[in-house]
Novice: 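Have a look at this one.
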There are 2 protein chains.
Amino acid sequence: MDIGWLEDFLALAELRNFTRAAEFRNVSQAAFSRRIQSLENWLGTGLIVKGSQPVRLTEAGEQFRETAQVSVERLLETRASIRGSQFDAMSQIRLAMPNVLARSEFKRILGVIGPRTKTSFSVIVGTTSEVTARYLAGDADILFAHDAPALPTHEALSSHERLALRRDRFLPYATRDAAARERFGFPGTPGQPFPLIAYSQRAYFARLFEHVLERAPHRPSYKVTVQCDMSDVLKEVIVAGYGVGWLPQSTVDAASAEQIAPVDEKDWAMELDICAFRPRHPLGPKIEAVWEALCASVSQG
Amino acid sequence: MDIGWLEDFLALAELRNFTRAAEFRNVSQAAFSRRIQSLENWLGTGLIVKGSQPVRLTEAGEQFRETAQVSVERLLETRASIRGSQFDAMSQIRLAMPNVLARSEFKRILGVIGPRTKTSFSVIVGTTSEVTARYLAGDADILFAHDAPALPTHEALSSHERLALRRDRFLPYATRDAAARERFGFPGTPGQPFPLIAYSQRAYFARLFEHVLERAPHRPSYKVTVQCDMSDVLKEVIVAGYGVGWLPQSTVDAASAEQIAPVDEKDWAMELDICAFRPRHPLGPKIEAVWEALCASVSQG
DNA sequence: CATGGGCCATGCGACATCCGCATTGGACTT
DNA sequence: AAGTCCAATGCGGATGTCGCATGGCCCATG
């Protein structure tokens, strides 16, 4: 029996919906459903009332929920405590950040925290949801991520300390070539869709994009030209003139800025923060020093 | 993180020896070692002091031991409790027994318990260690097994209720063919080994056999002819005249008794019990009724 | 100091499990 | 009655785990 199953069950008991709970737990709905079945099989009894909407727990499910909660909490707390007492001897600090920040921001972050500490760093990179899950699972000490207050990266991060390092903007870019920009016709009309360089379905930026559309003056019409979950790849495609795509301003360096420019900033941009997250409990002197350096860099401007 | 890892760690903390703990947990030493590593990796710190003999826990290990103990106990207790409250609705009673008992004793057992209950039975069969492990893991309600008080089937069974159903004897058999028996020369001498039909290394009966040898008047010399972990297979080989092999008397039915007979019973036999085991906590009305039927069958003779 | 035995770690190939995708089956809504 | 939302399941592929065999280490013993 995996304690991940317990966490799955707790998420399901909380959200009362397999699909949302699966999303929360960062697995497919299919896998999630089977994990709950595995847990029921281990217990030897059903936890969920079949064919009820929304999900309801059986009597056994209610009884088990408390034990699951207590056990998971105790195990995770003990792990955190042990890790905390080991921090002095810890050889390296583990940072997690999505690919886009690893490329555009890591140098800056290292400039802030590097000089003040003698430890080495281990950097976990991947998609936003991947690194967030790994941070929440305790695989990293500090998480860096884009985060819009209106659209949190992950609900579970709300119980963590959040430090906005600096402002960023998420806005549409296109090549500077006037003829191409004219041809795209952004933001388009229902009859004339513009070519969109889009994020993959599950990416955090895809959710941000949806959010932008919902708050826009009108729903534009578009046709997806290229889809990918890495901003840097999308940027290259935009540079090559294949269409319009949303990028965090921070990823557009001087070289790229010569080739691409924002389109119609006013209505289609979204403010967001580049944030650092850390657990609220003490993390040992070295990591605390790093965190203080981050805080200081913010307050100093 | 699997709670099996926690049970592994608790066994190791208790026994202070990887090899014994692995045996206790019914896995290879290699797998056991890797599971401890997995747990250490999940915790992010070492639990075992490297290069110490016997095994010693680190400070973190001592700290984690208590949490592991509490969490495992709580989870298993809650499972048992939930299962207990579900017993009325339980469709079938789960019996576990080694192959040899499934073939020779199940009919008798069913004759005792079958008439008094209306539920159906699910029978888990396998090697003794397999079914014992599954019973201990909660996959069965009642375990049937051979058990010699001097050589318990599994240490963990000592905390379970034990009911000796009837006596059995573990003793050497050979074909009735006089010429062959003469040729075997059992119990042999250092110079003239007898042909042994032996149990596989890890089988419970292999341990019993070793125990018999240790208590025998002299250490005989033998040569393994055939090795297998199923008594019934060994019996066929003995019938075919390939050598001498130890069998539980209960497996020798009338048909076999015409072809094989014990050899030198006095010094090479061992008394053992055919036992039923059950957890000490209440198990619900149906299973309690079965247990009472078993008890009654013993006291009535 | 050399040797042997007990003990834990690891390379390797085989096997089981778990995952994601796509789809089905079922209940409820419009 | 068609549409929508939701959980369960068949299937192919990836990932992890196992046992076996072996290697390296320490310690006890001659």
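Order of the sequence lines sets the chain letters (A, B, ...), proteins ahead of strands, with each chain counted from 1.
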Novice: Should B:Asn17 be listed as having a side-chain N or O under 4.0 Å from OP1 or OP2 of C:dG6?
Specialist: no
Novice: A:Arg20 or A:Gln37: which one's nearest nucleotide on DNA chain D is closer to the 5' end?
Specialist: A:Arg20
Novice: How many whole angstroms separate atom CD of A:Glu130 from atom P of C:dC19?
Specialist: 15 Å
Novice: Is any side-chain nitrogen or oxygen of B:Ser28 closer than 4.0 Å to OP1 or OP2 of D:dC20?
Specialist: no
Novice: Could you walk me through whether A:Phe205 and A:Phe170 satisfy the ring pair (Phe, Tyr, Trp, His ring centres under 6.0 Å) test, starting with their C-alpha distance in whole Å, then the side-chain angles of each, then the deciding distance to 0.1 Å, before giving a yes or no?
Specialist: CA-CA 9 Å; A:Phe205 285 159; A:Phe170 184 65; 5.2 Å; yes
Novice: What is the distance from CD1 of A:Ile36 to P of C:dC19, rounded to the nearest Å?
Specialist: 11 Å
Novice: Nearest-Å distance, CG (A:Leu15) to C1' (D:dC6)?
Specialist: 15 Å
Novice: I need the single residue from B:Leu75, B:Val70, B:Leu76 that forms a side chain to side chain contact (heavy atoms under 4.5 Å, CB included) with B:Val72. Which is it?
Specialist: B:Leu76
Novice: Provide, to the nearest angstrom, the distance between the CG atom belonging to B:Asn41 and the P atom belonging to D:dG16.
Specialist: 12 Å
Novice: Counting the atoms with a prime plus P, OP1 and OP2 as sugar-phosphate, which does B:Ala30 contact under 4.0 Å by heavy atoms, base, sugar-phosphate, or nothing?
Specialist: base
Novice: In whole Å, I'd like the distance from the CD1 atom of A:Ile48 to the P atom of D:dA8.
Specialist: 9 Å
Novice: Can you check whether B:Lys50 has a side-chain N or O nearer than 4.0 Å to OP1 or OP2 of C:dA9?
Specialist: yes
Novice: Using side-chain contact (heavy atoms from CB on, under 4.5 Å), reason through B:Asn99 and B:Asp232 one step at a time and then give a plain yes or no.
Specialist: CA-CA 9 Å; B:Asn99 297 302; B:Asp232 287 300; 5.6 Å; no
Novice: The side chain of B:Ser33 lies closest to which of these nucleotides: D:dA8, C:dA9, C:dC8?
Specialist: C:dA9
Novice: Is the centre of the B:Phe144 ring less than 6.0 Å from the centre of the B:Tyr135 ring?
Specialist: no
Novice: How many Å lie between CZ on A:Phe18 and C1' on C:dA27, as a whole number?
Specialist: 15 Å
Novice: Expressed as a whole number of angstroms, how long is the span from B:Leu39:CG to D:dT17:P?
Specialist: 13 Å
Novice: Enter the distance from B:Ile197:CD1 to B:Thr225:OG1 here, rounded to the nearest 0.5 Å.
Specialist: 4.5 Å
Novice: In this structure, how many angstroms lie between the C1' atom of C:dC19 and the CH2 atom of A:Trp5, rounded?
Specialist: 14 Å
Novice: Hey, does the side chain of A:Thr19 come within less than 4.0 Å of D:dC5's phosphate (OP1/OP2), counting only N and O?
Specialist: no
Novice: Of the listed nucleotides (C:dG20, C:dA9, C:dC7), which one gets closest to any side-chain atom of A:Val27?
Specialist: C:dG20
Novice: Is there a donor and acceptor pair, one atom on the side chain of B:Arg34 and one on the base of D:dG19, closer than 3.5 Å?
Specialist: yes
